[in-house]
Amino acid sequence: MARALIVHRAESFASRHGREESESRLKSAMAGIRPRRLRFESRWSEEPTGWSLQAEFHPAARTQRMLQASSLMLVALIAASAWALLSDQVERTLAFIVTLATVLWVLALPLVVAAFGAQREAEEARIRRALKRALTDEDESGADRSR
């Protein structure tokens, strides 16, 4: 799931409208969307079939920093736990608390990463739906969705 947080995705959306109308429809579709877990970039290209929007989904800069900081914290907690358990200078109560914190961090980290990954995928899906609606006039009534 951590890979889903830092992967770069690109997708192309063909437009059924002219460039000016497509740009205005894109602007209005993206007006209410403020992604927090990703950085969205788009550019127009002219193809033989008409205009196409090239959409790119990049990870947010703070996502990479969060993953690195979490990894460093995990290494520090494991080192502190090992030192606390093997050292004669540390009280057993403190050693137990540090080790417990390490175990809880190890158990919680995958859940936190999964939650961030799910948020990013949800933001990407929301942007994709808005782009499809704006550029192709598709009605998402849900009739063609699998259950």
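The figures that follow rest on heavy atoms only: side chains count, while hydrogens, waters and symmetry mates do not. Everything numeric here is computed off the predicted structure, so don't read it as measured data.
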Open item on the list: Closer than 3.5 angstrom, by distance alone: can the side chain of Ser28 be matched with the main-chain N or O of Arg25 as a donor-acceptor pair?
Closed with: yes
- [ ] Output yes when a side-chain donor or acceptor of Ser52 lies under 3.5 Å from a complementary backbone atom of Ser45, and no otherwise.
- [x] no
Open item on the list: Quick check: do Ile33 and Phe40 have side-chain heavy atoms less than 4.5 Å from each other?
Closed with: no
- [ ] Please confirm whether Arg120 makes a cation-pi placement over Phe57, using NZ or CZ under 6.0 Å from the six-membered ring centre and within 45° of the ring normal.
- [x] no
- [ ] Of all the heavy-atom pairs spanning Ala130 and Ala29, show the shortest one and how long it is.
- [x] O-CB, 3.9 Å
Open item on the list: Can you tell me how far apart CG (Leu26) and OG (Ser15) are? Round to the nearest 0.5 Å.
Closed with: 9.5 Å
TODO: Specify the closest pair of heavy atoms between Leu131 and Ala55, including all atoms of both residues, with the distance to one decimal.
DONE: CD1-CB, 4.1 Å
Open item on the list: Is there a side-chain contact between Phe13 and Arg128 in this structure, where contact means two heavy atoms from C-beta onward sitting under 4.5 Å apart?
Closed with: yes
Task: Exceeds 12 heavy-atom contacts within 6.0 angstrom, atom CD of Glu91 - done: no
Task: Separation of Leu135 CG from Glu21 CD (nearest 0.5 Å) - done: 10.0 Å
Open item on the list: Taking the side chain as everything from C-beta on, heavy atoms only, tell me whether Ile127 gets closer than 4.5 Å to Pro35.
Closed with: yes
Open item on the list: Less than 4.0 angstrom from a charged side-chain N to a carboxylate O is my criterion; do Glu11 and Arg9 meet it?
Closed with: no
Open item on the list: Between Glu56 and Arg43 (salt bridge meaning N to carboxylate O under 4.0 Å), is one present in this structure?
Closed with: yes
Task: Heavy-atom side-chain contact between Arg36 and Phe116 under 4.5 Å - done: no
TODO: For the residue pair Arg129 and Arg126, establish whether any side-chain heavy-atom pair is separated by less than 4.5 Å.
DONE: yes
- [ ] Keeping the roles fixed (side chain from Arg39, backbone from His58), state whether a donor-acceptor pair exists under 3.5 Å.
- [x] no
TODO: May I ask you to decide if Gly50's main-chain N or O and Arg16's side chain share a donor-acceptor pair within less than 3.5 Å?
DONE: no
Open item on the list: So if I apply the side-chain contact (heavy atoms from CB on, under 4.5 Å) rule between Phe96 and each of Thr99, Leu94, Val98, Leu100, which one comes out positive?
Closed with: Leu100
- [ ] Kindly compute the distance separating CG (Leu104) from CG (Leu107), expressed to the nearest 0.5 Å.
- [x] 6.5 Å
TODO: Look up atom CG in Leu67 and atom CZ in Arg62, then write down how far apart they are to the nearest 0.5 Å.
DONE: 12.5 Å
Open item on the list: Hydrophobic cluster membership, with links at side-chain heavy-atom distances under 4.5 Å among I/L/V/M/F/W/Y: are Leu85 and Trp83 in one?
Closed with: no
Open item on the list: Within this structure, what is the CG-CG distance for the pair Leu5 and Leu38, rounded to the nearest 0.5 Å?
Closed with: 10.5 Å
Open item on the list: Looking at every non-hydrogen atom in both residues, tell me the closest pair between Gln54 and Ser12 and how far apart they are.
Closed with: NE2-OG, 3.3 Å
Task: Ser70 side chain near Val112 side chain, heavy-atom distance below 4.5 Å - done: no
Open item on the list: Can you tell me how far apart CD1 (Ile97) and OG (Ser81) are? Round to the nearest 0.5 Å.
Closed with: 11.5 Å
Open item on the list: In the structure I gave you, are the side-chain heavy atoms of Arg34 and Glu123 within less than 4.5 Å of one another anywhere?
Closed with: no
Open item on the list: Between the side chains of Arg19 and Glu23, is the shortest nitrogen-to-carboxylate-oxygen separation below 4.0 Å, so that they form an ion pair?
Closed with: yes
